[in-house]
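Any value given below was found using the heavy atoms of this structure, including those in side chains, with hydrogens, waters and symmetry copies removed. Lettering of chains follows the sequences in order, A, B, ..., and the numbering in each one begins at 1.
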Amino acid sequence: MLPFLVPQTIKPPSSPPHLLASASARSSPKLPLCSLPSNPSAADKNPQIQSLSQLGNLLQALQVLPLEPNPSQRTYELLILSCTARSSLSDAVRLHRHLSDDGSDQDPFLATKLINMYSQLGSVEDARKVFDETRQRTIYVWNALFRALTTAGEGLEVLHLYRQMNRTGTQSDRFTYTFVLKACVASENLIELLMKGKEIHAHILRHGYETQVHVMTTLVDMYAKFGRVAYADFVFDEMPVRNVVSWSAMIACYAKNGYPFEALELFWEMMLGENESFPNSVTMVSVLQACGALAALEQGKLVHAYILRKGLDSILPVMNSLVAMYGRCGKLEQGQRVFDQMKERDVVAWNSLISMYGIHGFGSKAIRVFEDMIDSGVSPSPISFVSVLGACSHAGHVEEGKILFSSMAKEHGIYPTAEHYACMVDLLGRANRLDEAAKIVQEMRIEPGPLVWGALLGSCRIHCNVDLAERASRRLFELEPTNAGNYVLLADIYARANMWREVNRVKKFLKARALQKVPGRSWIEVKRKIHSFMSVDEFNPHKEQLHALLFKLSTEMKEKGYVPQTNVVLYDLAEEDKERIVLGHSEKLAVAFGLINCNSGEVIRITKNLRLCEDCHLFTKLISKYAEKEILVRDVNRYHHFQNGECSCGDYW
DNA sequence: GTAGGGTTAG
């Protein structure tokens with residue numbers, strides 16, 4: 001029996017006995033130490049395993065007994081692996097002492113193993129000590145340290161040491177490049193590290209590594225994490241060899257950086273183009289994300305069918321993304337159905353469901369799901385609270401939100417982060433309890449960041465509180481001097497208060513710094529095709545037709561009492577010009593396109609990249625009544641379900 | 001002897 005080598009927590013092995021019985025010590029797999037106990041008969045017969053048993057006992061006795069006289073490299077290697085498998089740092093330290101005593105710690109092979117061991121046991125300091133004490137630093141030793149430091153989030157140190165390594169004349173290999181590229185991402189100071197990453201990119205090309213698919217994929221991913229989609233795109237295009245991981249990295253890059261349309265395009269190219277890579281579960285997660293971002297329900301359904309056909313429906317992250325996709329496409333029943341069919345549900349699955357109900361304004365339902373989650377024995381995560389507090393905010397459930405917020409630390413041991421405080425500020429601010437919201441900011445246990453001040457400024461906009469808005473924006477501008485959205489928000493508040501001099505001052509400031517607000521964009525899926533609209537889009541082939549229809553609708557609705565909400569326009573123009581501007585908003589163009597192209601009875605689904613403006617909201621409500629159409633619009637915050645002249649948000653958004 | 005892509009929110 002090997003009680004020492006095999007902790008109870010390690011699950012029984014699935015590896016066949018022949019793997020364990022490998023004759024060559026060097027080629028034996030990593031598993032055997034964990035795999036031994038389930039097959040005692042094999043262990044009895046196998047000399048290798050018998051010696052493992054002795055080693056186990058030996059290690060157990062390390063404190064009092066000496067090791068065998070001259071432990072071999074293989075003996076030490078197995079002992080190191082055993083410490084890692086048992087997660088015992090104290091044994092690891094004792095073992096390390098033995099290696100130091102007989103000089104084996106100077107063996108670069110064992111030094112590498114020691115570094116890996118300490119890294120996996122969570123002690124990067126000890127890993128570093130091993131490295132510092134190793135005189136013969138082979139590329140394996142360097143790579144092990146780079147990996148350990150990157151895992152511990154010490155990317156800057158990796159880059160510092162990488163420079164040192166280059167000076168000593170040690171050549172990087174393909175593993176080094178993947179580690180140092182990852183180190184660029186695993187640090188804080190963004191722009192400098194991007195420069196460093198580009199420099200390493202140049203080294204890679206200079207040394208002829210562009211055919212190494214691991215290296216190039218890591219490069220794609222590094223640019224993706226920096227949000228440099230064009231660079232990622234370029235590297236991917238130039239790759240001579242691609243596999244499923246490279247395709248997935250590029251699709252994820254698009255999906256995560258606001259290019260969901262391109263993500264879907266690449267997915268179809270992967271499916272239908274001439275290449276030998278086929279999507280797997282990881283690919284599908286990003287593809288579902290892209291469908292959700294576009295509210296592309298028909299595409300999403302196709303993807304769902306593919307998942308079923310390929311048998312990927314038992315994979316938890318895939319199912320979680322599927323729930324989220326249906327939620328974001330406005331198909332609550334479908335989302336709930338997928339969730340109900342799941343055999344196992346983790347906290348992410350529950351969070352997806354909570355946020356699905358939350359963004360649709362079903363606050364009470366979201367709270368109930370949150371409670372069901374706890375009843376089922378799943379502990380909430382910080383994201384669970386972001387979702388459920390967001391749900392309270394959208395539905396105006398202030399008291400429930402306050403109770404949940406105070407339960408975070410008390411009942412669940414989760415301390416509020418900036419995200420949670422921002423949710424509370426939003427919840428109170430929206431409900432016109434600005435004093436309470438401001439008090440939360442004042443009494444926060446952490447420094448209020450841009451998220452929190454932004455939430456406060458947003459609330460000031462809803463309730464037109466100029467004084468508080470000026471205070472919040474002052475801090476916000478200090479923290480995010482180049483975020484044009486914040487300045488636009490303040491200008492909007494001034495405009496609502498008819499303070500045009502101040503509006504112009506903010507606009508001049510923006511112009512002087514060449515800051516531009518993100519242009520409004522809307523998307524609509526019609527017959528599995530996605531169409532995109534911008535308010536200023538000279539090249540849209542449907543422009544004339546859509547404008548004509550909108551003008552006609554607007555005129556008719558005015559006769560029925562529609563008054564255009566022109567106060568959303570930040571220019572001090574004649575009323576007529578303001579009306580023309582609001583009538584050209586991207587979301588109205590998408591509605592008009594949907595009216596022309598969707599069959600009767602079909603729901604119009606639109607997504608927008610910004611918050612819905614008051615005029616588009618009112619206009620769409622009226623259209624839903626006069627055209628007898630159900631219209632779903634998801635803006636950056638939540639869903640609006642327009643039907644028969646009403647919106648599911650109850651004009652509270 | 002070591003390596004690359006993914007889930008929920010904002």
Side-chain angles (χ1 to χ4, degrees), chain A residues 26-27 30 73 77 80-81 108-113 115-116 119 138-148 150 173-182 212-222 224-225 232 236 239 242-253 255-256 277 279-290 292 312 315-325 327-328 339 345-356 358-359 373 380-391 393 417-420 422-423 426 449-452 454-455 636-637:
Chain A
R26 174 64 76 244
S27 65
K30 287 183 209 157
Q73 191 190 53
E77 186 195 359
I80 290 169
L81 289 174
F109 175 83
L110 288 175
T112 306
K113 294 286 172 193
I115 292 171
N116 289 341
S119 166
T138 62
I139 191 64
Y140 290 103
V141 177
W142 284 101
N143 286 349
L145 183 71
F146 290 158
R147 188 174 76 154
T150 303
D173 66 5
R174 59 193 200 278
F175 294 92
T176 319
Y177 287 122
T178 61
F179 295 135
V180 292
L181 286 173
K182 270 191 161 301
Q212 293 290 335
V213 68
H214 279 86
V215 175
M216 298 316 272
T217 303
T218 313
L219 206 44
V220 168
D221 188 53
M222 180 199 74
K225 300 267 154 69
F236 181 77
M239 277 174 80
R242 297 181 194 136
N243 61 18
V244 57
V245 183
S246 349
W247 284 90
S248 304
M250 194 62 227
I251 291 172
C253 169
K256 282 238 165 64
S277 305
N280 62 14
S281 66
V282 178
T283 328
M284 300 323 288
V285 167
S286 297
V287 173
L288 286 169
Q289 230 180 0
L312 301 173
I315 296 168
L316 202 49
V318 173
M319 297 312 276
N320 292 342
S321 309
L322 208 46
V323 173
M325 183 276 289
R328 293 175 74 77
F339 179 86
R345 301 182 188 114
D346 61 359
V347 66
V348 179
W350 286 98
N351 292 349
S352 305
L353 202 66
I354 294 167
S355 90
M356 176 178 91
I359 56 172
M373 170 178 79
S381 69
I383 293 180
S384 312
F385 281 100
V386 174
S387 306
V388 75
L389 291 174
S393 183
T417 63
E419 275 89 354
H420 301 109
C423 285
D426 190 65
L451 225 59
V452 172
V636 71
N637 290 322

Taking 4.0 Å as the cut-off, does a side-chain nitrogen or oxygen of [X] come that near to OP1 or OP2 on [N]?
X	N	result
A:Ser248	B:dG6	no
A:Lys256	B:dT8	no
A:Gln289	B:dT8	yes

Would you tell me whether [X] and [Y] have side-chain atoms, one donor and one acceptor, within less than 3.5 Å of each other?
X	Y	result
A:Asn280	A:Thr283	yes
A:His214	A:Thr217	no
A:Ser384	A:Asn351	yes

Choose from [options] the nucleotide whose nearest atom is closest to any side-chain atom of [X].
X	options	value
A:Phe109	B:dG1, B:dG5, B:dG6	B:dG1
A:Asp346	B:dG1, B:dA3, B:dT7	B:dT7
A:Ser281	B:dG10, B:dG6, B:dT2	B:dG6
A:Val244	B:dA9, B:dT7, B:dG5	B:dG5
A:Asp221	B:dG5, B:dT7, B:dT8	B:dG5
A:Lys225	B:dT8, B:dG5, B:dG1	B:dG5
A:Val386	B:dG5, B:dA9, B:dG6	B:dA9
A:Phe179	B:dG4, B:dA3, B:dT7	B:dA3
A:Thr283	B:dG6, B:dG5, B:dG1	B:dG5
A:Ser352	B:dG1, B:dT8, B:dT2	B:dT8

Please classify the nucleic acid contact of [X] as base, sugar-phosphate, or nothing, using heavy-atom distances under 4.0 Å.
X	value
A:Thr176	nothing
A:Thr112	base
A:Pro108	base
A:Ala324	sugar-phosphate
A:Asp173	base
A:Ser246	base
A:Val213	base

In whole angstroms, how far is the [atom2] atom of [N] from the [atom1] atom of [X]?
X	N	atom1	atom2	value
A:Arg328	B:dG10	CZ	P	8 Å
A:Asn243	B:dG6	CG	P	14 Å
A:Met222	B:dG5	CE	C1'	15 Å
A:Leu451	B:dA9	CG	P	15 Å
A:Leu312	B:dT7	CG	C1'	14 Å
A:Ile80	B:dG1	CD1	P	15 Å
A:Ile383	B:dA9	CD1	P	8 Å
A:Met216	B:dG4	CE	P	16 Å

Could you check A:Thr176 against A:Trp142 for side-chain contact (heavy atoms from CB on, under 4.5 Å), going step by step and ending with a plain yes or no?
CA-CA 8 Å; A:Thr176 319; A:Trp142 284 101; over 6 Å; no

Distance-only donor-acceptor test, A:Asn280 side-chain atoms vs B:dG6 base atoms, 3.5 Å:
no

Taking donor-acceptor contacts at under 3.5 Å, does the side chain of A:Thr178 reach the base of B:dG4?
no

Face-to-face stacking of A:Trp247 with B:dG5, centres under 5.5 angstrom, angle under 30°
no

Got A:Asn116 and A:Arg147 here, is their nearest side-chain heavy-atom distance under 4.5 Å?
yes

Does a side-chain heavy-atom distance below 4.5 Å link A:Val213 with A:Ser246?
yes

Test side-chain contact (heavy atoms from CB on, under 4.5 Å) applied to A:Arg345 and A:Met373, step by step:
CA-CA 9 Å; A:Arg345 301 182 188 114; A:Met373 170 178 79; over 6 Å; no

